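Notes follow the structure.
These figures come from a predicted structure and were not determined experimentally.
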Amino acid sequence: MVFQITAQDRDSSARCGILKTDHGTIETPIFMPVGTVGSVKAVCQRDLKEDIGAQIILGNTYHLYLRPGLDIIERVGGLHNFISWEWPILTDSGGFQIFSLAEKRKLTREGAIFRSHIDGSKHIFTPEGVVDIQRKIGADIIMAFDECPPATADYRYIKESLNITKEWLERGVKQFRQQSPLYGYSQLFFPIVQGGLFDDLRIESALHAISMEMEGYAVGGLSVGEPAQEMYRILELLDPTLPKDKPRYLMGVGTPANILEAIERGVDMFDCVMPTRNGRNGMLFTSEGIINIRNRKWAQDYSPIEKGGSSYVDEKYSKGYLRHLFIAGEILGAQIASLHNLAFYLNLVKEAREHIAQGSFREWKRGYVKNLERRL
RNA sequence: GUGGUUGUAGCUCAGCAGGUUAGAGCGCUAGUUUGUGGCACUAGAGGUCGUGGGUUCGAAUCCCAUCAUCCACC
């Protein structure tokens, strides 16, 4: 049993759980900071762990495979050792990258042929190969290699794509079962549910994924441009279909409101570049709403970034100082904003956990969401 | 004092054999960002072209004067 439900909300599908890995347990619902190339951009590992309490971070198969390369990671005993992060890591398979690098890729049944964005060299990813790569990277949770079609794709395209994703999943699972971990700790394998915005394809994909009997399931292909309501609809559709006793991971989502709405619909795990990417560009998530710290109105605001915020930077530095750092192009600005935003996200899911445990999740969420998207 | 140089957006400059609403970079103002090719991207504001005359259908552009600037020589 790697996943245990510890609390179930009365009037929604929201629940709390504990996901066990050999690098530590993860309390769900959880937000996982994205560390694509072995670094959560602009945030050092000590701050991630000791200051804001990150429990698990992401790496990316596509990026790590290209740079620094597997031999370098393998020789030091895996990504944890390489990047000095001794807690859980999940690696995305690179399916999304192949999709977002559309001009340079070529999909075949065998796999995806693509060119490196770094040096133009040609590579092929197969479902088996991607499992092997993630074994070498040594992630605690490894993801199936899927095709992530655009939101605008029509039924026929999505159906075709799903056939490939299903076949690739079976091959990936087979490979995963045949190979053992390389570094003495166990690894989990999560299939990815696709199917676009079409109910029958989503259900088909979910049932197929469930038949693999893995320890957790991901929902992919959402938040790729469709309205949020569509995403919520799909989650509601999948909620009764996916096994209750396994963690559900909604890939790439999202805004604070997206996350709370998804938690209500039974999702346990999230990742998103938004807190770090937007943070680097001067956008801050606060309990009062969203602020663009570069705006002139903050120039002489000497109040803390966020009073009572959960990172030390929140009270240590003023908005006016942070604005100055951004206007001056100082790297410290990106560091402070990234840490603040991640702290906000991690605190968001922490509060969600507390309210689920207390049975007050829905009322709390309703009030909270109103403020969240407000622009200050 | 004499000869020459240069004055165009907040800054640095382009435009000058005369011709529609004078441009660029940076800066400034605001917006975008959802399994990270991003200290990125998009948009906007801002100029009596030193000043005053003149030539011309038409002047940032040609002529004269003047002011400022820098250089060289007395």
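Look at the P atom in both B:G35 and B:G47: the space between them is 42 Å, to the nearest Å. Atom C1' of B:U48 sits at a distance of 16 Å from the matching atom of B:G7, rounded to the whole Å. Rounded to whole Å, the C1' atom of B:C67 lies 25 Å from the corresponding atom of B:A14. To the nearest whole angstrom, the two P atoms, one in B:U66 and one in B:G10, are 29 Å apart. Nucleotides B:U56 and B:C74 place their P atoms 44 Å apart, quoted to the nearest Å. The same atom, P, is picked in B:A22 and in B:U29; the two are 26 Å apart, to the nearest Å.
Among the atoms of the strands shown, none is found under 4.0 Å from any heavy atom of A:L332. Heavy atoms of A:G221 sit under 4.0 angstrom from at least one base atom. A:Q194 comes within contact range of at least one nucleobase, with a heavy-atom separation under 4.0 Å. Note on A:N278: a base of the nucleic acid sits closer than 4.0 angstrom, heavy atoms only. A:I192 comes within 4.0 angstrom of a nucleotide base, judged by non-hydrogen atoms across all strands. Contact annotation for A:R67: no contact, since no heavy-atom pair falls under 4.0 Å across all strands. Residue A:N60 is classed as a sugar-phosphate contact, given heavy-atom separations below 4.0 Å to backbone atoms only.
Judged by distance alone with a 3.5 Å cut-off, a donor-acceptor contact links the side chain of A:D146 to the base of B:G35. One N or O donor and one acceptor, one from the side chain of A:R294 and one from the base of B:U32, sit under 3.5 Å apart.
A 6.0 Å sphere centred on NZ of A:K307 holds no more than 12 heavy atoms belonging to other residues, nucleotides or ligands. The local environment of CD in A:E160 is sparse, with at most 12 non-hydrogen atoms from other residues, nucleotides or ligands closer than 6.0 Å. Residue-environment remark: CZ (A:R67) stays at or below the threshold of 12 foreign heavy atoms within 6.0 Å.
Ring pair A:F270/A:Y345: centre-to-centre distance not below 6.0 Å. Aromatic pair A:Y368/A:H355: ring centres not closer than 6.0 Å.
Ring-plane geometry between A:F125 and A:Y65 is classed as perpendicular, the angle between the planes exceeding 60 degrees on a 0 to 90 degree scale with a lower cut at 30.
Applying a 4.0 Å cut-off to non-hydrogen atoms, the residues of residues 231-252 of chain A that approach RNA chain B are A:M251, A:G252, listed by residue number.
Taking CD of A:E27 as the start and OG1 of A:T25 as the end, the distance is 6.5 Å to the nearest 0.5 Å.
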